[in-house]
Amino acid sequence: MSFNPSQVVPMNKPFLVRRNTSGIDEIQVNDTTSTSNTDPLSPTTTRDSLSVSVTVPTVDQETANNKINLPTPTHHKRKQSDALGVLPELDISQAELSSTFARYSSLLPIEQGMAADLHEEDDNGCYDTRIGSGSLSWKNSLSSPLFSSCQLVAVFVILAVMTTLHSVRSRSGNNDLVDIIDDSLYDSGYEEIGEPMEAHAPVEDWIEFYGSPDRMPAMKSSGPWPVDGNVGGLYKFENVCVTNNIDAPKPPGLDTTSRGLLYFTNQKSMAKNPKRCVPCSKPAMDSRIEDRWDATSDSDSDLGHRCGMKGLHAMFASSVEDYNDCMADSENHKTMIRARQNQSTTHAKQIRYFEEPTLLLQFDAHDREHSLFDTLLTYLPHWHKWRSDYKGVPFQSVISHSVEGCLKHSRNWFCELTHQIQAFGYARELQWERKDTTLYCYKSLYYNQLEYQRDLNHEGLVTKAVMDDFRDELFRNFALTAPRDMSEVWKKDAQLGMKRPLNIALYANGENGWKDLDKLISSTRSMKKYQGVQFNLIDNFDDLTVAEQATAFNLADAVVMATGRHESDHFANVIFSPDESFFAEVGCSSHSLTGNRHFMALLLGTHRSVTKCAEQHAGEEICVSCSSEGSFSMTGIAFQALIDDIMKLQEQKIKFQRDSL
């Protein structure tokens, strides 16, 4: 039974204080009973000392994801009574007890039935002392040795509790702290911490577990429904299950984005289709004119069903048991092997059904550029709108099979970016177990369509305002030195007559990239013409943390990078560069998505591709000579011509700011 906060009855709770150790060297405690090995927080015979007889475990602050965990009990001190102060430690000798008992010898006897109730055996070793059929007097009872060990303690405890409860009930609230907390507490080094918060053990009522498929209720899938009709790319499914493509991540593909979507339907035509559970191949998905859920592929027309969306291959069944039977067919298994579409789970024995809305997070974990263009640029317009409307994300959890722990501890480039901008709000990350027999199903599943904005063809979604908001968050949270907008810096430099050195970051991209780049830099740096240029050669981007990569791009006025074959993903770091930066992509052919003119317009940047030289070309032409191994080289004249172009562009930007004063 889940906990409902509305069922909690509001009460006037005591106000708590705790030890404040800041600026306090030592606390002196008056103790007339002992002079050695005294705990400074133990009760003493002095009225000003603080009692620790009552400790209250509390939660000082909520966790970030609103999932409450029971904390380690913290002992908070609170005053016991306004009227009586704090009860001192009792030190009563046996002689004093005897004199006390004598004073009550004249009390009337207590009826036998009541005496019987007082002397029942308890858990602390106090046994029955009832006396035959006569009456039991206080004098006889007090003379029993058992009274001193149990009953006397109980009497004083009851008196203390009644005094405390009377004091608490008499308080009218916590409005006047002077009446509740004695000033001596603050003088002794204690501080207010407010009312204790309720601590409740988390109840996982948002997950249902079924030990076998036949125990799972019948489901009917629906969707996909656009989450926002004005912003495309994000869809919602209901009552669906997700599988993993176990072939895609293997070499040479290393694809971490491919999933299967199990869609439940009772259509008779689908029930008669023997290949209803076989997903379409990736080439078949890519060959379609438009990436829509209901679009079919001519190359996989024999499957007889819709293919789904890129990264989310559709599979159909009437139930989990029907899915198991369809997957067990030998012909279907052979088809999936040929298409590299083997799925996990293929035979479900257990089902985890998630009640709360969940986002399926898919991205290319091995390629920064593809994770930026294929996943993040689709999601950013929705993130920006939720931030602007103060509504927060519409899902409560996120599951990612691309990288385990993406929201928690992963240092993957994409995960670091989404963490810094709080892309998923306070949603929790669901942990998935690597078990081929467990099927994950969802009541509400959000899907960020893969490759929807790879070429930024859907105009009006990723606007300059969206990109600026995104990059401003990155600049602020990564604590980057150069601001996104450098115009004010250039204006101040112009007013002061300053001229900053031109900073150029260069990357050779390993042994199969740009040969002898270090020699080109050395010879060019020695020339007087380039004394005002700082050349920063980066050895290996893979050795740098995400923050170090961001800093390298942020401090550069221009970035000259060898992209090589399938090695353009480092160029995704251009999002950390200030506006109006220059980017040169050097290689035998251009592979970068970053050079997209729509993307460069969002950064106000300038992109230039330097490719293979023609058979007959001028000596000063900026191009490269390619080798059969895939590496390339550039002449000194061509390299210096490229640096000249960068210097000229930088001077034009500074001159524009100077003329605008």
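Atom CD1 of I637 sits in a sparse spot, with 12 or fewer heavy atoms from other residues, nucleotides or ligands closer than 6.0 Å.
T611 and S609 share no donor-acceptor pair across their side chains, judged by distance under 3.5 Å alone. If you check the side chains of S371 and T375, you find no donor sitting under 3.5 Å from an acceptor. Donor-acceptor pairing under 3.5 Å is recorded for the side chains of N536 and N503. For the residue pair D569/W413, the side-chain donor-acceptor check at 3.5 Å is not satisfied. Under 3.5 Å, the side chains of N412 and S410 contain no donor-acceptor pair of N or O atoms. Between the side chains of Q549 and R368, a donor-acceptor pair is found at a separation under 3.5 Å. No hydrogens or angles considered: nothing links the side chains of T257 and Q362 as a donor-acceptor pair under 3.5 Å. Of the N and O atoms on the side chains of K653 and Q650, at least one donor lies less than 3.5 Å from an acceptor on the other residue. For the residue pair E585 / H607, a side-chain donor-acceptor distance below 3.5 Å is found, with atom types taken as modelled. In summary, the side chains of D247 and N342 do present a donor paired with an acceptor at a separation below 3.5 Å, with no hydrogens or angles considered. Looking at N244 and Y440, their side chains never bring a donor and an acceptor atom within 3.5 Å of each other. Using a 3.5 Å distance cut-off with no hydrogens or angles, the side chains of E429 and S397 do not pair a donor with an acceptor.
Taking the six-membered ring wherever Trp is involved, the centroid distance between the rings of F424 and Y379 falls below 6.0 Å. Taking the six-membered ring for Trp and the full ring otherwise, Y235 and W225 have centroids separated by 6.0 Å or more. For an aromatic pair to be called close, the ring centres must be under 6.0 Å apart, and W293 with Y263 satisfies this. In summary, the aromatic rings of F541 and Y507 are positioned with their centroids under 6.0 Å apart. Between F237 and Y446, the distance from one ring center to the other does not fall under 6.0 angstrom.
Residues passing the salt bridge (charged side-chain N to carboxylate O under 4.0 Å, His left out) test with K499: none are found, sequence neighbours excluded. Annotation: salt bridge (charged side-chain N to carboxylate O under 4.0 Å, His left out) contacts of E356 (sequence neighbours excluded): R428.
Using bins of under 30°, 30° to 60° and over 60° for the plane-to-plane angle, the ring pair Y442/F354 lands in the parallel bin.
Remark: R484 does not engage E580 in a salt bridge, criterion side-chain N to carboxylate O under 4.0 Å.
The distance from the CZ atom of F535 to the CG atom of D518 is 13.0 Å, given to the nearest 0.5 Å.
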